[in-house]
2 protein chains.
Amino acid sequence: MAVAARRERERTARREAILDAAQELIAEQGYHGMRMDGVAETAELSKGTLYLYFENRDALCAAVATRLIDRLLPFIESALEDASTGLDAVQRLLQKYYDFTEENPHHFRFAIEWLGAGERMDDSTEAFQIYRGRVGHMLSLVVASLQRGQTDGSIRADIDPLPQAIQLWTSFLGVVMVGLNKEAMAQRIPVPVDLEQLVPLHLDGVVRALSSGGAS
Amino acid sequence: MAVAARRERERTARREAILDAAQELIAEQGYHGMRMDGVAETAELSKGTLYLYFENRDALCAAVATRLIDRLLPFIESALEDASTGLDAVQRLLQKYYDFTEENPHHFRFAIEWLGAGERMDDSTEAFQIYRGRVGHMLSLVVASLQRGQTDGSIRADIDPLPQAIQLWTSFLGVVMVGLNKEAMAQRIPVPVDLEQLVPLHLDGVVRALSSGGAS
DNA sequence: GTCAGTGACTGACTTGCGGTCAGTTTGAGG
DNA sequence: CCTCAAACTGACCGCAAGTCAGTCACTGAC
């Protein structure tokens, strides 16, 4: 039965084609501008077919986000290898996350939507479980970097890595959220400010807060 | 023409009634659960009437949020008066903001929606200009506290108050965003963690980052 | 007293979009 | 050829925001 194998390949290919279409539209029109009708049109399928591959819109978005994290992870992992200390690793990790986010501004809004959403996003789908796993992996990299820093002495010994990782992650998300909308923010925040320096400023604060030695 | 004055009062009262209805529904069902039909029903008006008082849903939400900030501001301002130093003031300001947010969990999601929203939220309405002004006022309190800290020596002299205030504000928003959804987060974040300590942990980091002296 | 004018209000309707499902097409196996 | 199943289709549904032509109630001029 080589047929079944080919069917499976074709199914995977279709799925990828739908993801490509969705990703393209998200990049063009933003997360909210992406419409299921548009995805169907772009992927040259009917709308109903989309629902044979993804339970609903949120599941499709989760799958797109998962693919993006999978592309980001190698960069982050290599950045961690280049780091001289654990403290340096934390800094590089966050910086890489932000750089990648800046290149894919619309997609990562998904993560923010999810966190900001109280109830409205459907995170019960299988696609979402997978996404959740990737988030966990990202967090574990932060935890590992913190532990590494405690071992090499660059990070204070009295911190608890897991809660601290979550604090780093959530506070950084706020910064990224604003950084994502630099142009819009300029009008949005009712004072003139150079948002370009926001991320370096935040990272500086992170280093000061974590550092075992005196601040530079 | 006492008639015009009475008409004006009645108009204001209607507007307040609509705001009350909207706020009640947001508190009950969350920001996304609030429906214009529901607001009309609760306020004992027809839906069309709502649009005589508010340009659209977003404008109505902005007006609700504005009212809430107006209730929060006195608390924050008295907290600033109680503060012993500028550094202490920053800490108290953020803490009060979080406490109030925790009591009104749904409403402040509006701020997050707005910041996280790339394009979808209509912030061109008059109600939104007013809301924007309140946000600016909040920010100015942070700036003032930072300057106070630099004067009394509790905060490093080399920081630039305005960008730093924005960094403080945005990073804290990320923490609040997660703190708002404590219950949901427990399932959402794929690791077990006590989110209750997230805010204190963050505030500790803020103090370490801003402090002119050594960390405690 | 009455009646035209004005602002407040109404609710049926339109629109946009996520999601559904009964029916059609395709192609492998007999 | 015929049969069966999987893939696919697109007309349709429900929901909620937003619109607008029409009604109502009060006011003040005559």
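A, B, ... follow the sequence lines: proteins, then strands. Residue 1 opens every chain. What you are looking at is a predicted structure, and each value in this text was computed from that prediction instead of being measured.
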How many angstroms lie between [atom1] in [X] and [atom2] in [Y], if you round to the nearest 0.5 Å?
| X | Y | atom1 | atom2 | value |
| --- | --- | --- | --- | --- |
| A:Arg132 | A:Thr66 | CZ | OG1 | 11.0 Å |
| A:Arg71 | A:Asn104 | CZ | CG | 8.5 Å |
| A:Ile69 | A:Ile76 | CD1 | CD1 | 9.0 Å |

Take atom [atom1] of [X] and atom [atom2] of [N], then tell me their distance rounded to the nearest Å.
| X | N | atom1 | atom2 | value |
| --- | --- | --- | --- | --- |
| A:Ile18 | C:dG19 | CD1 | P | 14 Å |
| A:Tyr51 | C:dC17 | OH | P | 13 Å |
| A:Arg11 | D:dA6 | CZ | C1' | 9 Å |
| B:Glu55 | D:dT19 | CD | P | 10 Å |
| A:Leu25 | C:dC17 | CG | C1' | 15 Å |
| B:Phe54 | D:dA17 | CZ | P | 15 Å |
| B:Arg35 | D:dG18 | CZ | C1' | 15 Å |
| B:Leu50 | C:dA8 | CG | P | 15 Å |

Taking any heavy-atom pair under 4.0 Å as a contact, classify B:Tyr53: base, sugar-phosphate, or nothing.
sugar-phosphate

Minimum side-chain heavy-atom gap A:Leu19-A:Tyr53 below 4.5 Å
no

Here's a test of your reading of the structure: between B:Gly48 and B:Met34, which maps to the more 5' nucleotide of DNA chain D?
B:Met34

Output yes when a side-chain donor or acceptor of B:Arg134 lies under 3.5 Å from a complementary backbone atom of B:Ala65, and no otherwise.
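It does not hold such a pair.
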
Treating A:Asp58 as the side-chain partner and A:Asp122 as the backbone partner, does any N or O pair qualify as donor plus acceptor under 3.5 Å?
yes

At a heavy-atom distance below 4.0 Å, what parts of residues 56-63 of chain B sit against DNA chain D?
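Residues of residues 56-63 of chain B under 4.0 Å from DNA chain D: B:Asn56, B:Arg57.
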
Within less than 4.0 Å of OP1 or OP2 of D:dT27, is there a side-chain N or O belonging to B:Arg7?
no

Answer yes or no: does a side-chain N or O of B:Ser46 lie under 4.0 Å from OP1 or OP2 of C:dT10?
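B:Ser46 to C:dT10 OP1/OP2: side-chain N or O found under 4.0 Å.
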
What nucleotide among [options] has an atom nearest to a side-chain atom of [X]?
| X | options | result |
| --- | --- | --- |
| A:Leu52 | C:dC9, D:dT27, D:dC8 | D:dC8 |
| B:Asp37 | D:dT9, C:dG18, D:dA17 | D:dA17 |
| A:Met36 | C:dC9, D:dG18, C:dG18 | C:dG18 |

Can you tell me if B:Gln164 and B:Gln167 form a side-chain donor-acceptor pair at under 3.5 Å?
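Judged by distance alone, the side chains do pair up.
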
